[in-house]
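The next block holds one structure in the form of structure tokens; read it before the comments.
Any value given below was found using the heavy atoms of this structure, including those in side chains, with hydrogens, waters and symmetry copies removed. Residue numbers start from 1 in every chain, and the chains themselves are labelled A, B, ... in the order their sequence lines are given, proteins ahead of strands. Quantities reported herein were computed from a predicted structural model and do not represent experimental measurements.
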Amino acid sequence: MSETGYNFAYLDEGTKRMIRRAILKGIAIPGYQVPFASREMPMPYGWGTGGVQVTAAILGADDVLKVIDQGSDDTTNAVSIRKFFERTAGVETTTATTQATIIQTRHRIPETPLTEDQVLVFQVPIPEPLRFLEPRETETRRLHALADYGLMHVKLYEDIARHGHIATTYAYPVEVDGRYVMDPSPTPKFDNPKMDDCPALQLFGAGREKRIYAVPPYTKVTSLDFEDHPFAVQTFKQPCALCDAHDVYLDEIVLDDRGGRMFVCSDTDHCETRRGEGHRGAMLGTAPEAITAGGNSRV
Amino acid sequence: MSDQSLLSARHLRKMYGARLGCTDVSFDLHEGEVLAVVGESGSGKSTLLSLLSTELEPTAGSVHYRFRTGETRDLASLSEAERRFLLRTDWGFVRQDAREGLRMGVSAGGNVGERLMAVGERHYGQIRGKAIDWLTRVEIEEARVDDMPGSFSGGMRQRLQIARNLVTHPRIVFMDEPTSGLDVSVQARLLDLIRGLVSDLGLAVIIVTHDLAVARLLSHRTMVMRGGRVVETGLTDQVLDDPQDAYTQLLVSSVLPA
């Protein structure tokens, strides 16, 4: 049921047009950060104001929206944004990755492979991959313009010198289409390979920083590395304790104060789907109700 | 040594609004040659260095540079990308304040390796190997490779700056008062090191200094500046032992006897 007194999807049509123009420019120049006139949204910065504006600008009445936060459909951020669009746009929402046409995400890319009919919208806190290496915005823009990215490797060099391996595990810098270096938002580097040659359109919105950027479908996305220290994703020793999935990103959950812990899928929809199909993990049945139950009861 | 000059300045002039930075500076620098620019504070030395290294745009005049290909070009005609590439391959810049010339948040090895990575080296082991090699050459122990420049003494920071600049085998190094702010014994060691590297590598150097002893020790030729103008220029021995200009005479005679 939708609220009266608001335009469809909260933003006025003029604003949506402005955002769509920024999105189109972003798609035309993959990985390039397009400035846009970010609006004040009815939620604090850091809660996804950039992603919400991008979603509002591309949302149509027959779209099906899914919102995830750290892979989960039922954390506060995801629930709030989903409700926001239910009320301001009256669109159908879902938790099933396969049924969604637009997926707004914070920190994860769904495990289920995306399709050409889907758009993935990322919430981005800091769009500038060079920010902590070069504080001047005027200078970082020039570095992007000249594709002068040696500095990015200095950061990776420092990682190896200090930790013996590239210790950057999230917001791991990528090169898009052989040109722009981009911050993939704070997704774990586990998800970086999913961005490469992805059939779905990937849009990135940073509300506070007023930037939009994009990776068009089937675009080459390469994670930066060294020849003798190639890029590698995180690996886990055991499968998901609930659905027995291998090769997925797992969350560590502390169970008690005696060192008890379990590793479960961070992507709740993926985990529930697998359990529905009959996959059984080692702790299914013995794990606390709050963790195994689907829907809104999961913490 | 080829007859053609490596860098040549013609009638360089820089105005900061109505104020004069420097004017009518012309000279030629050849490969392997060390030119000292001396003068008191405010004489336009640092302005001149910034003009030569393309950090400032001249109000009038030009600087020509002969590339490795043999082609000579007006530096004003370079694109921003070409200019930056030149600055991190063929040229080096050693600053008075090491904080400006180094990345203080990056380890010594990272500082030396930065230029290599900027020109496209992507093999960690090789980059690190070269960094260690250069640290050793400027007398910094291999064990300090992962330490932050903040933990280095003043003299070590200057040596680290030198290593960072020389790692890409530049042809010209600009030095802005590299030894001031260091105590005398450290100065002497640093000058010794610079002199050794300059002759080993056949570097051309333009060194700005107010210290005539530095000019005498390092340079082949000396240019004396005052009020933005060149008042005297010539072979270093000649200028310092037999100064012609009244100001140079004053400058030479005002050196405290050792």
Please determine whether side chain to side chain contact (heavy atoms under 4.5 Å, CB included) holds for the pair M117(B) and F226(A), giving the CA-CA distance in whole Å, both sets of side-chain angles, and the decisive distance to 0.1 Å. CA-CA 10 Å; M117(B) 291 181 252; F226(A) 285 103; 3.9 Å; yes

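- With a 6.0 Å radius and a threshold of 12 heavy atoms from other residues, nucleotides or ligands, W47(A) has its CH2 atom at or below the threshold.
- Among pairs with a residue in residues 114-125 of chain B, those fulfilling salt bridge (Lys or Arg N to Asp or Glu O under 4.0 Å) read R103(B)-E114(B), E114(B)-R164(B), E121(B)-K130(B), at least two apart in sequence or across chains.
- Residues meeting the side-chain hydrogen bond (donor to acceptor under 3.5 Å, both in side chains) test with E100(B), sequence neighbours left out: none.
- Surrounding CG of D247(A) are at most 12 heavy atoms belonging to other residues, nucleotides or ligands under 6.0 Å away.
- The contact list for residues 143-178 of chain A toward chain B, using heavy atoms and a distance under 4.5 Å, reads L143(A), L146(A), D148(A), G150(A), L151(A), H153(A), V154(A), Y157(A), E158(A), I160(A), A161(A), R162(A) by residue number.
- Annotation for F132(A): atom CZ does not count as buried by contact number, only 12 or fewer foreign heavy atoms lying within 6.0 Å.
- D228(A) places a side-chain N or O within donor-acceptor distance of the main-chain N or O of Y124(B), the cut-off being under 3.5 Å.
- When the shell of 6.0 Å around CD of E57(B) is examined, it contains 12 or fewer heavy atoms from other residues, nucleotides or ligands.
- Scanning residues 185-211 of chain A against chain B with a 4.5 Å non-hydrogen threshold yields no residues.
- Within a 6.0 Å radius of CZ in R131(A), more than 12 heavy atoms belonging to other residues, nucleotides or ligands are found.
- Summarising the local packing, CD of E142(B) is surrounded by 12 or fewer heavy atoms from other residues, nucleotides or ligands at distances under 6.0 Å.
- For the set G109(B), G113(B), G120(B), the count of heavy-atom pairs under 4.5 angstrom toward chain A peaks at G109(B).
- Heavy atoms from other residues, nucleotides or ligands lying under 6.0 Å from CZ of R99(B) number 12 at most.
- More than 12 heavy atoms of other residues, nucleotides or ligands shown are found within 6.0 angstrom of CD on E55(B).
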